[in-house]
Engineer: 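Handing you a structure now.
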Amino acid sequence: MNIIEGNLTAQGLKVGLVVGRFNSFIVDSLVKGAIDTIVRHGGSEENIEQVLVPGAFEIPIVAQKMAASGKYDVIVALGAVIRGGTPHFDYVAGECVKGIGQVALNSGIPVSFGVLTVDTIDQAIERAGTKAGNKGEECTLAAIETANVLKQI
């Protein structure tokens, strides 16, 4: 039996970060975690392009355009949607996750989901580098590994 498994080498990978600016006090930590992860795993900042968008709702359309450009081996989507007192959270978070999944499936390029969808600011802070780790780092690791798996198939 042949087993295909990705590795965590980012050397030579061209990475697109699509970043929602809304809740930037949280998202900035996710971006730092993503960039640090790429560099620590052999990638270079010269191979990273960051595209800023207003918020999580705009991430999928920009990720789609990035994937279609052929410039990237992998795309990492970063943002934060924090629940408020209205159903707005459900619409934004739902459309963001659905759109990112569609981009990955339609393009064949890994699009990693690093958009926090949390109930409170405290939960966001925990996932942006404190108690629960840095989700920007975690989704970037998944993106690197997935890109390397796809190269082998």
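As a basis for the values below, the full set of heavy atoms in this structure was taken, side chains included, without hydrogen atoms, waters or symmetry mates. The first residue in the sequence is number 1, and the count goes up from there. Keep in mind that this is a model prediction, so the values were computed, not measured.
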Engineer: Quick check: closest heavy atoms across Ser112 and Cys139, and the distance to 0.1 Å?
Structural biologist: OG-O, 2.6 Å
Engineer: Which hydrophobic side chains are connected to Ile3, either touching it within the sub-4.5 Å cutoff or through other members that do?
Structural biologist: Met1
Engineer: Tell me every residue that passes side chain to side chain contact (heavy atoms under 4.5 Å, CB included) with Ile61, counting only those two or more places apart in sequence or in another chain.
Structural biologist: none
Engineer: Using the side-chain hydrogen bond (donor to acceptor under 3.5 Å, both in side chains) criterion, which residues pair with Gln11? Sequence neighbours excluded.
Structural biologist: none
Engineer: Identify each donor-acceptor pair in which a side-chain atom of residues 95-106 lies under 3.5 Å from a protein atom, sequence neighbours left out, and give them as a table.
Structural biologist:
{"residue": "Glu95", "atom": "OE2", "partner": "Lys98", "partner atom": "NZ", "Å": "3.2"}
{"residue": "Asn106", "atom": "ND2", "partner": "Gln102", "partner atom": "O", "Å": "3.2"}

Engineer: Report the residues that fulfil side chain to side chain contact (heavy atoms under 4.5 Å, CB included) with Glu46, sequence neighbours left out, ordered by chain and then residue number.
Structural biologist: Ser44
Engineer: For Asn7, enumerate each residue passing the side chain to side chain contact (heavy atoms under 4.5 Å, CB included) test, keeping only those at least two apart in sequence or located in another chain.
Structural biologist: Thr9, Asn148
Engineer: Hey, does the side chain of Asp36 reach the backbone of Glu137 with a donor-acceptor pair shorter than 3.5 angstrom?
Structural biologist: no
Engineer: List in chain and number order the residues that pass side-chain hydrogen bond (donor to acceptor under 3.5 Å, both in side chains) with Asn47, two or more places apart in sequence or in another chain; answer none if no residue qualifies.
Structural biologist: none
Engineer: Could you work out, with side-chain hydrogen bond (donor to acceptor under 3.5 Å, both in side chains) as the rule, every residue matching Lys71, not counting sequence neighbours?
Structural biologist: Glu49
Engineer: Taking the side chain as every heavy atom from C-beta outward, state whether Phe89 and Thr117 have any atom pair closer than 4.5 Å.
Structural biologist: yes
Engineer: How would you list, by chain and number, every residue that makes a side-chain hydrogen bond (donor to acceptor under 3.5 Å, both in side chains) with Ser69, sequence neighbours excluded?
Structural biologist: none
Engineer: Can you list every pair that meets side chain to side chain donor-acceptor pair (under 3.5 Å) and has a residue in residues 18-28, with sequence neighbours left out?
Structural biologist: none
Engineer: Tell me, which pairs form a side chain to side chain donor-acceptor pair (under 3.5 Å) where one or both residues lie in residues 76-93, sequence neighbours left out?
Structural biologist: Arg83-Asp90, Arg83-Asp119
Engineer: Using the side chain to side chain contact (heavy atoms under 4.5 Å, CB included) criterion, which residues pair with Thr120? Sequence neighbours excluded.
Structural biologist: Asp122, Gln123
